[in-house]
Engineer: 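To start, I am sharing the structure in question, which I have written as structure tokens.
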Amino acid sequence: PEPTLVLITGPTAVGKSILGAEVARRLGTGVVSADARQFYRELKIGTAPPDPETLARAPHHFIGHLSIFDYYNVSLFERQALEVLEKLFETSGYGVAAGGSGLYLDTLCRGIGDLPDADPGIRAYVQDVFRSGGLEALRKWVKGIDPVYYDEVDLANPNRLMRGIEVFLSTGIPFSELRNNQPARRNFRIKRIVLNRERSDLFARINQRVDRMLEDGLVEEAVAFFPYRHLNALNTVGYKELFAWLANRSSLREAVEKIKTNSRRYAKRQLTWFKRYPEAGWFHPDDLEGIMSFIRNDRL
RNA sequence: GGGGGAGUUCCAGAGCGGUCAAAUGGGGCAGACUGUAAAUCUGUUGGCUAAGCCUUCGGAGGUUCGAAUCCUUCCUCCCCCA
């Protein structure tokens with residue numbers, strides 16, 4: 001039979017890790033984490049990685065496999081994760097992917113095309129142009145090298161504009177031509193589970209989790225990484241707000257509140273993303289039995 | 001007790017006779033998203049039988065064709081002198 005990839009996703013703090021580990025345990029397989037911040041081994045508190053007990057329930061992959069100094073991207077993740085999944089499929093016929101990074105999960109399901117990795121030098125150069133010339137400069141540039149992309153992009157979004165430019169600069173081919181929108185073929189079935197709970201409950205959990213991180217030493221962790229605050233891995237909720245405080249741009253109190261509201265917003269953005277899968281099964285994290293039967297029901 | 005200042009839409013805070021359902025920011029809500037993604041970006045935010053109408057700018061009166069904006073009075077806060 002075709003192997004099955006069980007995707008377990010949902011907003012931050014909903015309870016993905018524990019449920020994902022338990023589901024993997026029951027299926028006799030392992031967990032591929034799809035959390036773009038738990039990749040970094042140095043970030044031990046602010047990214048809320050699974051605790052030892054959870055990790056012990058099933059083999060986990062892609063948690064702390066990177067350093068904050070490493071370059072990484074979704075495509076790298078796609079290749080590596082697919083490899084791990086193949087092995088999991090061989091032993092149990094199932095694989096579990098748990099995490100809240102929508103783009104990473106999507107890439108596992110449908111691929112992301114084949115483009116050269118970003119060249120750090122080129123990226124820095126394009127960023128310089130943005131810094132000095134602003135959005136206008138980027139727009140003009142994109143319009144000149146790739147009018148098709150210009151008509152498609154969100155012209156207010158610097159990152160999107162810069163990506164198009166960066167790709168053109170490193171390949172000489174317009175981004176709009178290189179981007180292929182056909183989903184990749186996959187040799188496994190996908191069961192998508194979205195975890196959710198009442199919003200008031202979710203938000204309360206988020207707030208509590210932030211308080212717990214603070215007790216666990218989030219501030220100390222942020223202080224330690226302050227010198228590296230410009231690294232992409234540290235442009236992360238929980239750290240960037242504390243960096244603002246450390247740079248004297250806010251009070252500690254304000255920073256903590258900011259962490260909470262930014263986490264809530266992140267959760268909302270995730271929910272918006274997850275709403276696009278009509279085939280997904282939405283469950284409360286406590287409904288383990290419902291989830292297991294959804295996974296085992298071949299007609300769904 | 002005397003003197004001065006303030007009460008604005010969820011919050012902060014502009015407005016100081018019409019162009020005000022009311023700037024701006026925050027928060028909320030909704031959304032976008034194929035290589036930075038816990039990133040980045042957008043929209044919306046009094047109600048309705050919606051190109052129109054209704055109810056809002058501490059309360060009550062008043063002036064005016066017309067008030068959040070002027071007057072009277074009441075209530076509540078803040079500051080200074082005593």
Side-chain angles (χ1 to χ4, degrees), chain A residues 9-14 16 33-40 43 45-49 66 68 70-81 99-120 122-124 126-127 130 135 138-139 149 152-168 170-171 175-184 199-200 203 206 209-210 213 218 230-243 250 254 257-276:
Chain A
T9 187
T12 191
V14 77
K16 295 181 292 296
S33 170
D35 185 307
R37 291 300 129 141
Q38 290 179 4
F39 290 163
Y40 303 103
L43 309 182
I45 298 172
T47 60
L66 296 177
I68 54 173
D70 292 336
Y71 168 79
Y72 203 62
N73 65 45
V74 215
S75 185
L76 256 21
F77 174 75
E78 178 188 7
R79 273 170 259 164
Q80 298 166 359
S101 303
L103 180 64
Y104 284 69
L105 253 9
D106 277 2
T107 297
L108 234 37
C109 301
R110 64 214 290 268
I112 196 165
D114 194 24
L115 291 176
D117 290 344
D119 177 282
I122 291 179
R123 177 163 288 188
V126 178
Q127 271 166 348
F130 174 49
L135 264 182
L138 295 180
R139 285 178 186 156
Y149 185 57
E152 303 169 345
V153 255
D154 177 354
L155 293 171
N157 193 326
N159 282 10
R160 293 279 142 66
L161 258 7
M162 289 192 283
R163 164 105 264 253
I165 295 169
E166 154 187 308
V167 168
F168 177 79
S170 54
T171 64
F175 187 40
S176 60
E177 280 179 36
L178 284 171
R179 252 201 326 184
N180 86 301
N181 292 304
Q182 297 113 51
R199 193 168 288 197
S200 55
F203 283 7
I206 288 174
R209 190 173 71 177
V210 172
M213 286 176 178
L218 218 214
H230 301 299
L231 293 175
N232 176 248
L234 288 164
N235 182 188
T236 298
V237 174
Y239 298 96
K240 57 181 177 180
E241 297 83 357
L242 290 173
F243 292 155
S250 86
E254 287 165 338
E257 275 318 301
K258 252 316 188 201
I259 292 175
K260 291 179 181 175
T261 83
N262 284 339
S263 298
R264 284 185 241 121
R265 285 177 161 171
Y266 171 48
K268 166 59 180 82
R269 266 179 274 132
Q270 290 176 300
L271 253 6
T272 298
W273 183 293
F274 303 142
K275 281 179 194 163
R276 65 210 218 177

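In what follows, chains are A, B, ... by sequence order, proteins preceding strands, each numbered from 1.
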Engineer: Could you let me know what B/rA60 is paired to, Watson-Crick or G-U wobble, both distances under 3.5 Å, or none if it's on its own?
Structural biologist: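 Matched B/rA60 with B/rU72 under the 3.5 Å cut-off.
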
Engineer: Does B/rA39 have OP1 or OP2 sitting under 4.0 Å from an N or O in the side chain of A/Arg269?
Structural biologist: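 For A/Arg269, the contact criterion (side-chain N or O under 4.0 Å from OP1 or OP2 of B/rA39) is met.
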
Engineer: Does B/rC29 have its OP1 or OP2 closer than 4.0 Å to a side-chain nitrogen or oxygen of A/Arg265?
Structural biologist: no

Engineer: For B/rC33, take OP1 and OP2 only and decide whether either is under 4.0 Å from a side-chain N or O of A/Arg163.
Structural biologist: no

Engineer: Which nucleotide, in any strand shown, forms a Watson-Crick or G-U wobble pair with B/rA23, with both distances under 3.5 Å?
Structural biologist: none

Engineer: If B/rC65 has a Watson-Crick or G-U wobble mate with both distances under 3.5 Å, name it; if not, just say none.
Structural biologist: B/rG18

Engineer: Checking side-chain polar atoms at under 3.5 Å, does A/Arg265 have a donor or acceptor matched by the opposite partner on A/Thr261?
Structural biologist: no

Engineer: Which nucleotide, in any strand shown, forms a Watson-Crick or G-U wobble pair with B/rC53, with both distances under 3.5 Å?
Structural biologist: B/rG47

Engineer: Which comes earlier along RNA chain B counting from the 5' end, the contact point of A/Phe175 or that of A/Tyr266, where each point is its nearest nucleotide?
Structural biologist: A/Phe175

Engineer: Can you tell me how far C1' of B/rU42 sits from CG of A/Asn157, to the nearest Å?
Structural biologist: 9 Å

Engineer: Under 4.0 Å, heavy atoms only, any strand: does A/Lys260 hit a base, just the sugar-phosphate, or nothing?
Structural biologist: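 Contact class for A/Lys260: none.
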
Engineer: Nearest to the A/Arg276 side chain among B/rC33, B/rA38, B/rA37, which nucleotide is it?
Structural biologist: B/rC33

Engineer: Got a donor-acceptor contact below 3.5 angstrom from the A/Tyr239 side chain to the A/Gly46 backbone?
Structural biologist: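 It does hold such a pair.
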
Engineer: Provide, to the nearest angstrom, the distance between the CZ atom belonging to A/Arg160 and the P atom belonging to B/rA32.
Structural biologist: 12 Å

Engineer: Closest approach to the side chain of A/Arg123, judged atom by atom: which nucleotide of B/rU36, B/rA30, B/rU40 is it?
Structural biologist: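 The answer is B/rU36, which lies nearest to the side chain.
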
Engineer: So which nucleotide from B/rU34, B/rC29, B/rA37 ends up closest to the side chain of A/Ile112?
Structural biologist: B/rU34

Engineer: Before accepting this row, confirm whether a basic side-chain N of the pair A/Arg276/A/Asp106 lies closer than 4.0 Å to the acidic partner's carboxylate O.
Structural biologist: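 Looking at A/Arg276 and A/Asp106, the cut-off is met.
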
Engineer: Please give, in whole Å, the distance from B/rA38 C1' to A/Ile206 CD1?
Structural biologist: 11 Å

Engineer: Tell me which nucleotide, if any, is Watson-Crick or G-U wobble paired with B/rC33 when both distances must be under 3.5 Å.
Structural biologist: none

Engineer: What's A/Phe77 touching, base or sugar-phosphate or nothing? Going by heavy atoms closer than 4.0 Å.
Structural biologist: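 Answer is nothing: A/Phe77 stays at 4.0 Å or more from every strand.
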
Engineer: Strictly by Watson-Crick or wobble contacts shorter than 3.5 Å, is anything paired with B/rA38, and which nucleotide is it?
Structural biologist: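 The answer is none; no pair meets the criterion.
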
Engineer: I want to know whether A/Tyr149 and A/Phe168 have ring centres closer than 6.0 Å.
Structural biologist: no

Engineer: By nearest atom, which of the nucleotides B/rA38, B/rG31, B/rU40 is closest to the A/Ser101 side chain?
Structural biologist: B/rA38

